[in-house]
Amino acid sequence: MVKSLSILGSTGSIGRQTVAVAEHLGMRVAALAGGKKIDLLEEQARRLHPKLVSVFDEDAASKLKTVLADTDIKVLPGMEGLIEAAVFDEADCVVTAVSGSVGLKPTLAAIEQKKRIALANKETLVCAGTLVMKHAKECGAEIVPVDSEHAAIFQCLMGRQKGELSKILLTGSGGPFRGRKREELENVTPQQAVSHPNWNMGAKISVDSATMMNKGLEFIEAMHLFGVTPDDIQVVVHPQSVIHSMVELVDGTVIAQLGVPDMGIPIQFALTYPDRCPSMFEKLEFSKLKALTFEEPDFESTPCLKLAMDCARKGGTAACIMSAANEVAVHMFLRGELGYNRIYDAAADAVEAIPSVETSDLDEIIAADTAAREYVKEHF
């Protein structure tokens with residue numbers, strides 16, 4: 001169990017839940033990093049008393065520094081501040097809950113310091129999974145997944161030898177538009193897209209869940225986390241979100257991890273692993289479950305999932321390009337600047353237009369990410 005932590009993205013959905021879990025467990029929060037929600041970040045800082053608070057937006061950092069002038073809390077701006085929070089020597093665990101590829105550099109920096117990485121930032125592995133996992137192995141850093149699906153797989157594989165695994169069964173609810181055809185989704189609004197039937201998440205990940213791009217990103221992430229190929233992973237639509245994922249072993253045994261759909265549970269496990277502690281979360285009551293059902297994904301209605309799986313097989317920087325393009329397109333959709341179905345078009349066009357290269361060079365990966373973002377901004 002970790003003793004103190006740094007929370008990157010503390011004002012987001014995962015970050016706020018991590019704060020609640022840390023307080024429940026009595027863990028010290030040594031450093032925080034947030035975005036533009038200065039009022040919330042100030043409230044967290046005054047309540048948790050970290051020694052360092054990082055704010056990625058420089059204007060917001062300046063404002064926070066002013067309002068915290070009566071404290072001894074150090075406030076740092078930009079990527080420099082985010083990295084400083086990630087490597088802060090008084091934290092033995094870094095929760096990477098920032099959204100997007102901005103989490104890549106601080107994660108690599110924390111790995112170099114041999115921190116435990118409680119990984120909640122999908123894009124880190126989607127964009128640079130080979131580089132990150134190789135770096136973690138070389139440095140002896142521990143990566144424990146926070147995503148409910150990967151946390152489930154992680155737990156199902158505990159105590160298993162690699163040769164025992166036959167297949168990963170990656171579950172997903174299907175999102176708020178499950179069963180609807182793509183042409184029916186043309187006029188979907190941001191409000192409709194963020195209304196997930198089971199999970200309480202931030203806006204960007206909620207839209208990704210609706211398009212099932214989120215499941216595609218998780219598909220790629222699982223490849224890197226568990227050292228498997230695309231052919232070793234099967235996506236299963238499970239509308240009730242009770243089974244968070246499963247593994248099939250070579251003898252035909254299937255092991256599943258079940259629980260209520262609450263991100264606090266995998267967050268707590270990432271902080272207490274390999275131990276378990278009593279939690280403050282609702283327990284699963286089987287007598288109230290009416291059914292557990294399973295379906296094949298509909299790739300025609302959710303082409304983002306198929307695109308991500310294709311990028312996983314293509315390799316190189318294809319997944320990085322897709323993820324960056326999708327991120328820009330989703331934010332454009334949330335601002336009312338792009339139609340819902342055009343999110344897929346933007347990501348697919350970027351993957352088609354920008355050459356994928358085989359590389360483990362960080363600068364080349366960042367260049368691919370930047371090119372994809374600029375492509376979507378220019379063409380959509």
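In this chain, residues are counted from 1 in sequence order.
For the pair S323 (side chain) and A319 (backbone), a donor-acceptor distance under 3.5 Å is absent. A distance-only check finds no donor-acceptor pair linking the side chain of E58 to the backbone of P77 [under 3.5 Å]. Remark: the backbone N or O of I265 is not paired with any side-chain donor or acceptor of Q268 at under 3.5 angstrom. Not one N or O on the side chain of E248 forms a donor-acceptor pair closer than 3.5 Å with the backbone of I168. With hydrogens and angles ignored, the 3.5 Å screen pairs a side-chain donor or acceptor of T272 with a backbone N or O of D275. T96 contributes no side-chain N or O that, together with a main-chain N or O of T107, makes up a donor-acceptor pair within less than 3.5 Å. Of the possible donor and acceptor atoms, one in the side chain of T317 sits under 3.5 Å from a partner among the backbone N and O of V357. The backbone N or O of G175 lies less than 3.5 Å from a partner atom in the side chain of S173, making a donor-acceptor pair. R116 places a side-chain N or O within donor-acceptor distance of the main-chain N or O of A270, the cut-off being under 3.5 Å. The main-chain N or O of T229 is found under 3.5 Å from a side-chain atom of D232 such that the two form a donor-acceptor pair.
Screening V126, L225, I233 for a side-chain contact (heavy atoms from CB on, under 4.5 Å) with I220, the sole residue that qualifies is V126. Partner E90 forms a salt bridge (charged side-chain N to carboxylate O under 4.0 Å, His left out) with one of R28, K74, K115 and no other, that one being R28.
Here NE2 of H331 is found 8.0 Å from CZ of R335. Values are rounded to the nearest 0.5 Å.
Under the 4.0 Å criterion applied to side-chain N and carboxylate O atoms, D70 and R46 are assigned as salt-bridge partners. Between E43 and K37 there is no salt bridge, since no side-chain N of the basic residue sits under 4.0 Å from a carboxylate O of the acidic one. Ion pairing between a basic and an acidic side chain is recognised when a charged N comes within 4.0 Å of a carboxylate O; E295 and R178 show such pairing. Note on E184 versus K181: no salt bridge recorded, every NZ/NE/NH1/NH2 to OD/OE distance being 4.0 Å or above. We find that D59 and K63 are not joined by a salt bridge, their nearest charged nitrogen and carboxylate oxygen being 4.0 Å or further apart.
The side-chain heavy atoms of N341 and E183, taken from C-beta on, include no pair separated by under 4.5 Å. Here the side chains of V53 and P50 are in contact, with some heavy-atom distance below 4.5 Å. Contact check for L271 versus C93: side-chain heavy atoms found under the 4.5 Å cut-off.
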task = Applying side-chain hydrogen bond (donor to acceptor under 3.5 Å, both in side chains), run through H150 and S245 and close with a yes or a no.
result = CA-CA 8 Å; H150 301 102; S245 274; over 6 Å; no
key: Criterion salt bridge (charged side-chain N to carboxylate O under 4.0 Å, His left out) on E218 and K215, from CA distance to verdict   = CA-CA 5 Å; E218 290 172 359; K215 202 55 50 185; 2.5 Å; yes
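In this structure, F333 and Y340 have perpendicular ring planes: the angle between them is above 60°, well past the 30° mark. Ring geometry for Y273 versus F269: interplanar angle over 60°, hence perpendicular rather than tilted (30 to 60°).
Summarising the geometry of A33 relative to A85, their closest heavy-atom pair is CB-CB, 4.4 Å, with the distance given to 0.1 Å. Considering every non-hydrogen atom in both V376 and A329, the closest pair reads CG1-N, 4.2 Å. The minimum heavy-atom distance linking A91 with S4 is given by the pair CA-OG, 3.4 Å.
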